[in-house]
Amino acid sequence: MSILSVRDLKISFKLQGAWHPAVNGISFDVERNETVCIVGESGCGKSITALSIMGLLTPAARLEGAIEYNGQNLLEISEKDLEKIRGDKLSMIFQEPMTSLNPVLKIGQQIAEPLIFHKGLSLNDAWKEAKELLELVRIPDASARLNQYPHQLSGGMRQRVMIAIGLACKPDILIADEPTTALDVTIQAQVLALLDEIRKEQDLSIIMITHDLGVVANIADRVAVMYAGDLVEMASVQNLFETPTYPYTQAFLSSIPRADRADKLKPIRGQVPPIYDMPEGCRFSPRCDEATEKCNQKPVLAGKMHQTRCWMRGEV
Amino acid sequence: MRTDSLNKRFFSWVFNLNPLTALTALGLVIFSLILVVSLAAPIVAPYDPLEQNILNRLQGASSDHWLGTDVFGRDTLSRILHGAQISLVIGLTSTGIALVAGTGLGIVAGYYGGWTDIVLMRLMDILLAFPTLITGLLIVAVLGTNPINIVIAIAITLLPNFARVARAPTITLKEREFIESCRALGYSDIRIMGVHILPNVIGEVVVLASLWTASAIMIEAYLSFIGLGVAPPTPTLGGMIRQGLENILDTPWVTIYPGFAVMFIVLALNLIGDGVRDAIDPKAGGRS
Amino acid sequence: MAGFILKRILSSVPTLFGVLTLVFLLVRVVPGDPALAILGDNASEQALQAFREQMGLNEPIWQQYLSFLAQLASGSLGNSMVTGDPVFGAVLKVLPHTLQLTVFALFIGVIFGVPLGIWSALRRDTWVDYTCRLVSLVGISFPSFLIAIVLILLFAIEIPLFPVISNPEDTVASSLYNLVLPGMSLGLIMTAFVMRTARSSYLNVSSEDYIRTAKSKGTPRHIIIFRHALRNALIPIVTVVGLYMGLLIGNSVLTEIVFNRPGLGKLIVLSLNLRDYSMLQGLMIVYAFMVVLVNLITDLTYGLFDPRVTYS
């Protein structure tokens with residue numbers, strides 16, 4: 001059984017009196033010890049999806065469908081029960097290491113907190129555990145760092161601290177929302193390698209949210225491509241890069257410069273339609289070169305190992 | 001068709017109106033009402049505010065005297081209307097002077113920088129080194145209690161606030177390309193400050209102006225309460241409160257009514273100030 | 001720490017020096033002859049001359065300025081023009097009453113204002129929030145003498161719990177008893193100011209990324225409020241409370257008049273009426289010094305809440 005299973009998840013926000021879907025009924029599974037990347041341009045709904053799994057969306061959002069963790073629907077359990085799972089079984093690393101740590105609390109306190117809440121450790125034991133966690137994420141001089149405040153650490157260090165917090169209770173699933181965007185390229189590679197290593201050691205599943213195809217190629221087992229709130233293609237990383245099928249994915253891949261090919265860069269024409277003016281059918285059709293009459297009806301996600309939501313791709 | 005959707009939008013706007021937007025409108029209504037009635041005091045006031053009638057002294061509310069009479073038998077309502085007129089005129093002119101002078105000083109300090117900035121802002125620091133009321137108190141005490149001196153005293157008290165608010169954006173603006181290109185074109189400093197910097201600064205200044213008008217009116221009431229306001233027998237709200245205080249045990253209303261008059265003027269201005277700030281800075285949307 | 005305090009005091013020297021000069025000049029440009037003002041129209045020419053001589057009013061202004069500075073340097077604020085007693089002594093006698101009043105008001109403002117402001121923020125856009133915001137807006141619109149008068153009418157006259165005239169006495173208990181109404185009248189206004197600041201500061205903090213991080217750890221709500229959000233929200237509250245202290249010190253003048261309570265405010269009004277310019281001069285300097293001190297204390301208070309502040 002999959003460790004996490006998202007079923008027909010719809011997320012809507014109220015805008016000027018009417019509900020508008022930001023995520024439009026997506027489904028995917030995450031297996032134990034695998035890394036799933038969710039890619040797409042900003043505003044496609046990938047971060048909102050991640051936050052909804054953690055139950056961290058504002059109460060103003062309306063959620064439908066199911067997010068099943070170990071057979072339990074996270075959308076139906078109480079806030080209190082969710083609190084018990086958050087940080088223990090499911091944890092999350094955010095995009096902004098500079099602002100995601102509390103400036104007035106010591107690093108040690110911030111790492112120790114989930115251990116105290118979930119594992120019932122004493123402050124003393126949690127502090128010792130926190131030191132080991134800092135060593136796990138390769139922070140030198142860990143016991144001194146525990147007594148420091150976030151402003152005394154560099155950006156890369158802070159992101160490692162965030163990872164340490166995320167891993168503190170040995171979760172089943174770690175959700176990472178663009179964890180390397182704010183970092184230097186060299187630090188990025190180090191952080192990704194670290195995550196991959198820890199995943200193998202701890203039998204962890206990672207959901208990585210990113211718009212960076214370099215990160216995807218580096219770390220992903222499977223990739224989900226999102227466009228304007230739809231999940232449009234899902235495949236193993238190898239299949240996706242070698243034989244992208246969805247027109248948007250193809251365009252997306254060829255809009256990025258690559259070292260191993262000398263193709264001409266092709267920007268995607270047009271723009272993502274605004275949320276209140278979405279086409280009824282395929283949401284990419286206004287920008288798609290291959291669109292036909294049929295695309296005015298909503299396509300379904302078809303295929304087994306390599307799924308695509310497109311009328312023009314009957315069989316893959 | 002079009003009017004239909006306009007109507008719909010208007011009604012949805014009315015029904016979705018945030019209770020606090022309604023309060024801002026209420027503030028505007030109260031303030032306009034007070035402004036009109038007090039400016040028209042000589043016409044609308046039922047009695048001459050100075051007319052004494054010892055036989056009718058310290059009366060409670062009645063159909064003849066809606067808010068009763070004071071220790072000399074003068075009509076409280078008429079005196080409040082005339083007093084509010086003085087408060088509003090002094091409050092608005094002093095804030096206006098402080099706004100113009102303070103914004104000017106702030107822009108000059110920010111634009112020229114260097115010693116000009118240091119000297120001007122040090123001067124502002126000196127003024128800010130006194131508790132709010134004390135600056136005004138000393139200036140009036142020294143210059144004497146006529147209306148012009150009171151306006152000057154309140155304006156000087158408020159001046160540093162405007163200067164600070166105007167200076168900060170000027171410093172960032174003067175580094176921007178469009179100011180650089182104005183200089184390259186050979187525009188005079190005065191033209192650059194007046195035509196290119198001022199419009200970018202004025203919004204923030206005006207937002208705070210309504211809140212500081214409230215302070216100005218409060219300070220005027222405090223000064224006249226202390227006995228440093230416009231001299232008697234001219235009615236001032238602060239002076240009426242002070243006089244009523246002597247008979248507070250028997251006739252508390254004589255002091256209470258003018259007190260609430262001050263409160264309503266200030267409240268209306270604060271309501272407007274909050275609303276204007278939220279409208280201009282939607283990010284602050286009801287944050288304070 | 002000591003170095004920081006020293007540096008802060010040194011950096012406020014130019015401002016204080018400017019204050020001294022300004023006060024000196026203001027008092028010297030007084031229209032009319034102070035000797036005549038104090039001794040009255042009936043005083044003999046001889047007496048007037050003697051008074052001017054004694055107060056140094058005959059000397060050229062720069063010489064008066066120098067002796068003014070020399071006098072300050074020796075730690076004296078001079079003598080009252082009216083009573084001839086040292087100004088410093090007169091100030092020292094009433095200063096504790098004003099300090100008690102303002103500190104009490106500050107205390108009330110913080111212990112009521114911070115929780116109410118945060119409650120309002122936690123219930124944002126509900127009736128609790130709207131009520132709190134309206135009450136605090138009315139509160140900051142209340143002239144401080146009006147709130148004093150209303151308190152007297154309610155709790156000294158209608159329900160005679162407290163004295164109408166606040167007279168500080170020797171014992172702590174009776175001093176506190178006399179402090180309740182005047183302290184509350186200033187304290188309620190302070191509460192309104194602090195509520196507004198606390199609300200907006202808490203709302204700003206609650207949308208910070210680190211609060212989301214705390215939630216993602218499964219941190220219980222009360223720990224998020226008290227440990228993660230409150231300490232951060234207190235930092236801007238400290239700044240604003242420091243600023244409002246100036247307002248509080250100024251408004252204590254009115255409270256002291258209404259309650260007929262001894263203090264700096266009563267002294268300054270008395271000196272105004274007597275045209276005691278040397279006393280006024282001394283009082284202004286004391287007021288300015290208090291504001292500088294409040295600013296210093298504010299800066300030191302940051303360090304209690306914000307580890308990013310260092311005193312070096």
Side-chain angles (χ1 to χ4, degrees), chain B residues 18-20 23 27 118 122-123 125-144 211 214-215 217-219 221-222 225-228 237-238 241-242 244-245 248-249 252 255-256 258-260 262-271 274 284-288, chain C residues 12 14-16 18-19 21-23 26-27 29-31 124-125 127 129-130 133-134 137-138 140-146 149-150 152-153 157 164 196-197 199-201 203-204 245-254 257-258 268-269 271-273 275 280 283-284 287-292:
Chain B
N18 183 320
L20 290 162
L23 279 179
I118 293 174
R122 271 291 172 187
L123 272 173
D125 283 350
I126 291 169
L127 288 176
L128 285 173
F130 296 107
T132 317
L133 180 59
I134 304 296
T135 324
L137 197 136
L138 186 74
I139 295 171
V140 181
V142 165
L143 297 180
L211 293 171
S215 305
I217 284 172
M218 203 88 113
I219 296 172
Y222 289 164
F225 180 82
I226 292 172
L228 293 173
L237 296 175
I241 297 163
R242 181 63 182 274
L245 200 57
I248 186 171
L249 290 175
T255 190
I256 283 290
F260 276 98
V262 177
M263 200 275 282
F264 275 114
I265 299 175
V266 174
L267 178 63
L269 282 167
N270 281 334
L271 282 171
D274 270 15
R287 285 231 172 133
S288 50
Chain C
S12 51
T15 309
L16 276 177
V19 165
T21 312
L22 185 74
V23 168
L26 269 176
V27 171
V29 300
V30 174
R124 187 181 184 180
D125 291 337
W127 285 106
D129 183 29
Y130 293 138
R133 291 174 72 182
L134 188 63
L137 198 67
V138 171
I140 66 163
S141 307
F142 250 89
S144 51
F145 48 61
L146 180 62
I149 289 167
V150 169
I152 287 186
L153 287 174
I157 296 174
V164 175
R196 279 163 66 89
T197 315
R199 177 181 181 277
S200 69
S201 170
L203 282 178
N204 278 326
M245 273 305 280
L247 194 79
L248 208 61
I249 294 169
N251 283 6
S252 66
V253 174
L254 304 153
I257 295 174
V258 175
I268 203 169
V269 172
S271 318
L272 281 172
N273 292 337
R275 305 198 161 268
L280 274 180
L283 279 168
M284 297 304 291
Y287 272 122
F289 200 78
M290 282 169 77
V291 171
V292 169

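All chains are named by letter (A, B, ...) in the order of the sequence lines, taking the proteins before the strands, and each is independently numbered beginning at 1. Values in this document were obtained by computation on a predicted structure and should not be read as measured data.
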Give the intermediate values and the outcome of side chain to side chain contact (heavy atoms under 4.5 Å, CB included) for residues B:V262 and C:L146. CA-CA 9 Å; B:V262 177; C:L146 180 62; over 6 Å; no
Please look at C:I157 and chain B and tell me whether the side chain, the backbone, both or neither of the residue comes under 4.5 angstrom of a heavy atom of that chain.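 Contact with chain B is through the side chain of C:I157 alone.
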Tell me, side chain or backbone of C:T21 under 4.5 Å from chain B's heavy atoms, or both, or neither?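 Neither part.
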Could you go through the side chain to side chain contact (heavy atoms under 4.5 Å, CB included) check for B:L137 and C:L272 one step at a time? CA-CA 9 Å; B:L137 197 136; C:L272 281 172; 3.5 Å; yes
Testing the basics here: between B:N270 and C:S141, what is the closest heavy-atom pair and its distance to 0.1 Å?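 That would be ND2-OG, 2.9 Å.
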Which heavy atom of C:G250 sits nearest a heavy atom of B:P131, and at what distance?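 Scanning both residues, the minimum pair turns out to be N-CB, 3.7 Å.
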What pairs with C:F145 under ring-ring contact (aromatic ring centres under 6.0 Å, His included), at least two apart in sequence or on another chain?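 Only B:Y222, B:F225 meet the ring-ring contact (aromatic ring centres under 6.0 Å, His included) criterion with C:F145.
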Given a strict heavy-atom distance threshold of 4.5 Å, which part of B:A214 is in contact with chain C: side chain, backbone, both, or neither?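 Neither; nothing under 4.5 Å.
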At a heavy-atom separation under 4.5 Å, does B:F260 approach chain C through its side chain, its backbone, both, or neither?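 Looking at B:F260, backbone and side chain both touch chain C.
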Using side chain to side chain contact (heavy atoms under 4.5 Å, CB included), reason through C:Y287 and B:L138 one step at a time and then give a plain yes or no. CA-CA 12 Å; C:Y287 272 122; B:L138 186 74; over 6 Å; no
For each of B:L271, B:T255, B:L267, B:I139, tally heavy-atom pairs with chain C at distances under 4.5 Å, and name the one with the top tally.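 The answer is B:L267.
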Evaluate the criterion side chain to side chain contact (heavy atoms under 4.5 Å, CB included) for residue pair B:I256 and C:L153; output intermediate values, then yes/no. CA-CA 10 Å; B:I256 283 290; C:L153 287 174; 3.6 Å; yes
Reported CG-to-CG distance for the pair C:L22 and B:L127, which is rounded to 0.5 angstrom: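 Answer for the CG-CG pair, C:L22 versus B:L127, is 6.5 Å.
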